[in-house]
Amino acid sequence: MSEEKKPTPITMKEVQAKAEEKKCPLQQTLVFIEEFLAEPMCGRCFPCSFGSYEARIRIKKIADGTATDEDIARLKRISSNMLEASMCKKGKDTAKFIAEKIESGEYIGHIGKECSSKECITFFEYIIIPDKCTSCGICRDVCKDNAITGEKRKPYLSGYLPFEIAQKRCTKCGECIKVCPEEAIEFISISAEKEPAGV
Ligand code: SF4
Ligand code: SF4
Ligand code: SF4
């Protein structure tokens, strides 16, 4: 009977390359830490074994828009403790990656629900611009989540239901924006939308 071959563990270089496929420093760190934690944790050094789990929780909070400045401060402390106390290169590289990305300054913007790369989708939503929409219905046909409502316009009817996206149903898959022939769908920042006009 042939022995099953064990999968080769991913190297730290590969982890870094995978993380850097993302543009947003926060998403990069999330990919990095998820990959680091995907393998069984050896748990030899407390600041690494405990810190990496806590770092993942704090990074997810920032990406979800529920974090405060304290979460960033805590991440800084975690990375610094990990860097100092980690016994292996793997732990030290992870700590360095977290620290470098915090220094990029993008984390602070995320506390205000901003992501310049538009990769933290919680901070954005798809909307239909009524003035551009011709009510063709193509977007509604591609939406697998039934998040788009509206009636196709009929020349002999004056009243019709305009096309709209129900934000609670929308999973932000982005399929509708690809098919709209009028470029009537936009992916906009929630924080910019809430700013008073003229600011
Ligand atoms: S630093 Fe290395 S040895 Fe220590 S817990 Fe992390 S992975 Fe294990
Ligand atoms: S595809 Fe575009 S133009 Fe057609 S209904 Fe949807 S938003 Fe309106
Ligand atoms: S982004 Fe996806 S889920 Fe949301 S309205 Fe468009 S097609 Fe539907």
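One-based numbering, in listed order, for ligands and for the atoms of each.
Hydrophobic clustering (side-chain heavy atoms under 4.5 Å, transitive across Ile, Leu, Val, Met, Phe, Trp, Tyr) keeps I121 apart from V142.
Using a cutoff of 4.0 Å between basic side-chain nitrogens and carboxylate oxygens, K18 and E21 are not scored as salt-bridged. Using a 4.0 Å cut-off between charged side-chain N and carboxylate O, K90 and E39 make a salt bridge. In this structure, E34 pairs ionically with R56, as a charged nitrogen and a carboxylate oxygen lie closer than 4.0 Å. Under a 4.0 Å N-O distance rule, the pair E106/K101 does not qualify as a salt bridge. With salt bridges taken as basic N to acidic carboxylate O contacts below 4.0 Å, one links R58 and D71.
Each of the following atoms of ligand 2 lies closer than 4.0 Å to a heavy atom of I185: 7 (S). Residue I148 has at least one heavy-atom neighbour below 4.0 Å for each of these atoms of ligand 3: 5 (S). With ligand atoms numbered from 1 in the order given, ligand 3 contributes 1 (S), 2 (Fe) to contacts under 4.0 Å with heavy atoms of G174. For ligand 2, the atoms lying closer than 4.0 Å to a non-hydrogen atom of E182 are 3 (S). The distance from ligand 3 to the heavy atoms of Y126 drops below 4.0 Å at these ligand atoms: 1 (S). Less than 4.0 angstrom separates some heavy atom of D145 from each of these atoms of ligand 3: 3 (S). Close approach of ligand 3 to K172 (heavy-atom distance below 4.0 Å) involves ligand atoms 1 (S), 4 (Fe). The T134 neighbourhood of ligand 2 comprises atoms 3 (S), 8 (Fe), with distances under 4.0 Å to a heavy atom of that residue.
Using a non-hydrogen distance threshold of 4.0 Å, T171 registers as a contact of ligand 3.
Here the protein contributes C45 SG as N, O or S atoms under 2.8 Å from atom 4 (Fe) of ligand 1.
Using the six-membered ring where Trp is involved, F123 and H110 have ring planes that are perpendicular, over 60° apart on the 30 and 60° scheme.
With respect to atom 5 (S) of ligand 2, the closest heavy atom belonging to the protein is G137 N, 3.3 Å. Taking atom 8 (Fe) of ligand 3 as the reference point, the nearest protein heavy-atom neighbour is C143 SG, 2.4 Å. Closest to atom 2 (Fe) of ligand 2, if we only count protein heavy atoms, is C180 SG, 2.3 Å.
Of the possible polar contacts, one joining the R140 side chain to the G150 backbone as a donor-acceptor pair under 3.5 Å is found. In this structure a side-chain-to-backbone donor-acceptor pair under 3.5 Å is missing from S86 to L83. Of the possible donor and acceptor atoms, none in the side chain of K22 sits under 3.5 Å from a partner among the backbone N and O of Q27. At least one donor-acceptor pair closer than 3.5 Å links the side chain of K172 to the backbone N or O of F124.
For atom 4 (Fe) of ligand 2, the choice among P162, C136, P181 with the nearest heavy atom turns out to be C136. Considering only non-hydrogen atoms, atom 6 (Fe) of ligand 3 lies nearest to C176 out of C176, C139, A166, C173.
Residues E151 and S135 have side chains that never bring a donor and an acceptor to within less than 3.5 angstrom of each other.
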_Is there a side-chain contact (heavy atoms from CB on, under 4.5 Å) between Q28 and E119? Walk through the geometry before answering._
CA-CA 10 Å; Q28 288 177 343; E119 285 181 339; over 6 Å; no

